[in-house]
2 protein chains.
Amino acid sequence: MTTIYDIAKKTGYSPTTVSKAFNNYSDVREKTRQEILRTAQEMGYLPNAHARTLTTKKSWTIGVLFVEGTGAGIRHPFFSAVIESFKQVAVAKGYALMFISKDVGGKQSGYLENCRIRGVDGVVVFLSDYNDPYFLELLESDIPTVILDYDTPQSHTVCSDNRAGALLAVNYLASLGHRRIGHISGGGNSFPGSERELGYIAAMEELGLGVPDGYIAEGAFFSRESGYDAMLKLLELPECPTAVFASGDLLALGAVMAAKDKGLSVPSDISVIGYDDIELAAYVSPALTTIRQDTEMLGTRAAEILIASIDGKGQDKEALMLPVEVVVRESCAPPGRA
Amino acid sequence: MTTIYDIAKKTGYSPTTVSKAFNNYSDVREKTRQEILRTAQEMGYLPNAHARTLTTKKSWTIGVLFVEGTGAGIRHPFFSAVIESFKQVAVAKGYALMFISKDVGGKQSGYLENCRIRGVDGVVVFLSDYNDPYFLELLESDIPTVILDYDTPQSHTVCSDNRAGALLAVNYLASLGHRRIGHISGGGNSFPGSERELGYIAAMEELGLGVPDGYIAEGAFFSRESGYDAMLKLLELPECPTAVFASGDLLALGAVMAAKDKGLSVPSDISVIGYDDIELAAYVSPALTTIRQDTEMLGTRAAEILIASIDGKGQDKEALMLPVEVVVRESCAPPGRA
DNA sequence: GCCCACAATGAAAGCCCTTTTATATTCACT
DNA sequence: AGTGAATATAAAAGGGCTTTCATTGTGGGC
């Protein structure tokens, strides 16, 4: 392994000058720099990131904190898409991505501890449970963070506009002529889930439709199974909806299945709109009309915000909200003549 | 930031003893160790991974090399599932995962260079193009690697048994009564793709069916579009197949679509079997019969092999091949009476 | 000819930790 | 009391890099 000392010895300059040559200090002569750089090249020199980090206190590493309650882990489609675009920006700016876990060296310890030990410069957070005490510990710390799909003044946040998305969905259904619009919520305490539910309620009020009893059916964990069950409940209502806005695509898929099993056809008997535009959505039959989030932009902007924060620019916590759009496919139609 | 020196000062012991206390050296008295550990706790001491790495030359970091030709990046469903189980094993053994890219500090440099600079202990590799000169450079190096879905004596490898999978697929179709079985290949130069094709040919020979002219249709990049086109070609054959084994699920989905567009029904007119069992497979209609790889085992075993290699255990390159299974759903049936 | 500013280089200390080697202490046993 | 092990602790030398501060040399201005 070649070090700056080896280069110093070979060129006759001091280690100091070699180091400065690499770091573009203005006080090393251009001719000297060239000579050092050439020698380094010849000797196959590569800097040692750990040594550099030790002195500079900057690791050029961003931690990725991702935990999904259901245990699906990294497979979550939304996460994958966002982190990929995040990565591209980060890499372009010189950062590497490292997964942060609760354990380090095989023993439980917590995210913050792990971040400190590894010396990450910042963390991008993706959680389903934002009440996790280990996460809160990180949030309280001075480590720069950007959180996706959540809202808190304690950190930079990036999320898509869930309320607006719900509004869009309901208004789209209304524009097709629906008046009896039900909602399948994501269940529990997820931030996007409750925002979408709030958006649904607001939209219904705005349209003067109100929210009839039982029109909000709870689905758990955004799963297909719970969507199925929720739809069944909606269909049992005396005045059952002619259209349903599901808080997630998997929920919607479950709902479509339930409708089919009840002998109803989608969309001619009942319309279903989902949320997220997962890859599946385009392939199922009927292809799912849904709300699309701009996952690429989400990742890109999150990276930019986090890196700016690491660089110490902008003291205020930024709360970015990105617009969403309706993707019209086949699962919605005007209400039947029933 | 507390260091071992701070602890040394507070307890009155030397930094040496403090370090030894943490590293379970046998030559520090139990009582002393306890005192040091307690003080460390009180002072909120956390070790500095970079300093440790600098002296020990071990970073407890595993590089993740993942590039997909199509630009889908991390979204590839197969990758996500495998890496998640890989990560669990790695974390349990004390390693963190870090993405390796060609660029470092914003400038192009190559994977090997990046690995050296970051000092990763080993690398898990996932590529679509194994001819990438930057990858080859890494392969030639002395850094321990484990490669997924590929076969080379230069590295440990883990893949599922693609030939056996193809055999399984063809035999399953044959068991339903099919004799005219076509194949849609993955196209080009992917390792799993050509293995599956070889497996298909072997299976057909073994069954005494041979491979009629035009029965292998090339689909590019395992994409749905190319599967569609390939199916069209198969259907134009004078003696067209009654069943098709597609080298990937997306190809199969495209094939099903093409059949439908040609007025054929799947599976009553023509059967289609896919490969991979992507999440989609269960949701489309008809639900896709396919070959499933044990992605969890793939990741787990890859991690175990890589870590053993890092630990210097076992000199020989291991080439692990995992069994696959048929997942029967709805897209295959006995041939029609035609 | 002298002083000053400036350009170019280097010495040395420091970042935090591990490990080898040396020293000090204890104890068992003659 | 004296020797030889153990046992317990510490000193010191790295590991590779950055950065502050000092040093040397050069030319311009008076």
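Numbers restart at 1 for each chain; the letters A, B, ... are given by sequence-line order, proteins then strands. What you see is a predicted model; the values in this text were computed from it and never measured.
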How close or far is atom [atom2] of [N] from atom [atom1] of [X], stated in whole angstroms?
X: A:I117; N: C:dC15; atom1: CD1; atom2: P; result: 20 Å
X: B:F22; N: C:dT19; atom1: CZ; atom2: C1'; result: 17 Å
X: A:I7; N: C:dG10; atom1: CD1; atom2: P; result: 14 Å
X: A:N24; N: D:dT18; atom1: CG; atom2: C1'; result: 14 Å
X: B:N23; N: C:dT20; atom1: CG; atom2: P; result: 12 Å

Q: Check whether the side chains of A:T16 and A:S19 place a donor and an acceptor atom closer than 3.5 Å, and report yes or no.
A: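 Their side chains do not contain a donor-acceptor pair, so the 3.5 Å distance test is not met.
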In a table with atom names and distances, give each donor-acceptor pair under 3.5 Å that connects a side chain of residues 142-151 of chain A to protein atoms at least two apart or in another chain.
| unit_1 | atom_1 | unit_2 | atom_2 | d |
| --- | --- | --- | --- | --- |
| A:D142 | OD1 | A:R116 | NH2 | 2.6 |
| A:T145 | OG1 | A:S155 | OG | 2.8 |

**Q.** Set of residues satisfying salt bridge (charged side-chain N to carboxylate O under 4.0 Å, His left out) with respect to B:E35, sequence neighbours excluded
**A.**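 Applying salt bridge (charged side-chain N to carboxylate O under 4.0 Å, His left out) to B:E35 gives none.
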Q.
A:Q154: which residues meet the side-chain contact (heavy atoms from CB on, under 4.5 Å) condition with it, sequence neighbours left out?
A.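 Once residues adjacent in sequence are excluded, the partners of A:Q154 under the side-chain contact (heavy atoms from CB on, under 4.5 Å) criterion are A:L139, A:E140, A:T152.
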Q) What residues, two or more places apart in sequence or in another chain, satisfy side-chain contact (heavy atoms from CB on, under 4.5 Å) together with A:A90? A)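 Result, side-chain contact (heavy atoms from CB on, under 4.5 Å) vs A:A90: A:I62, A:F86, A:Y95, A:L97.
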Q: Produce a footprint string for nucleotides 6-16 of chain D: one letter per nucleotide, 5' end first; B if the base is under 4.0 Å from any protein heavy atom, S if only the sugar-phosphate is, - if neither.
A: --BBBBB-BBB
Run the side-chain donor-acceptor check on residues 131-138 of chain B: report pairs under 3.5 Å with partners two or more places apart or on a different chain.
| unit_1 | atom_1 | unit_2 | atom_2 | d |
| --- | --- | --- | --- | --- |
| B:D132 | OD1 | B:Y134 | N | 2.8 |
| B:D132 | OD2 | B:K102 | NZ | 3.3 |

Q. How is A:T56 classified with respect to the nucleic acid when contacts are heavy atoms under 4.0 Å: base, sugar-phosphate, or nothing?
A.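 It contacts sugar-phosphate atoms only.
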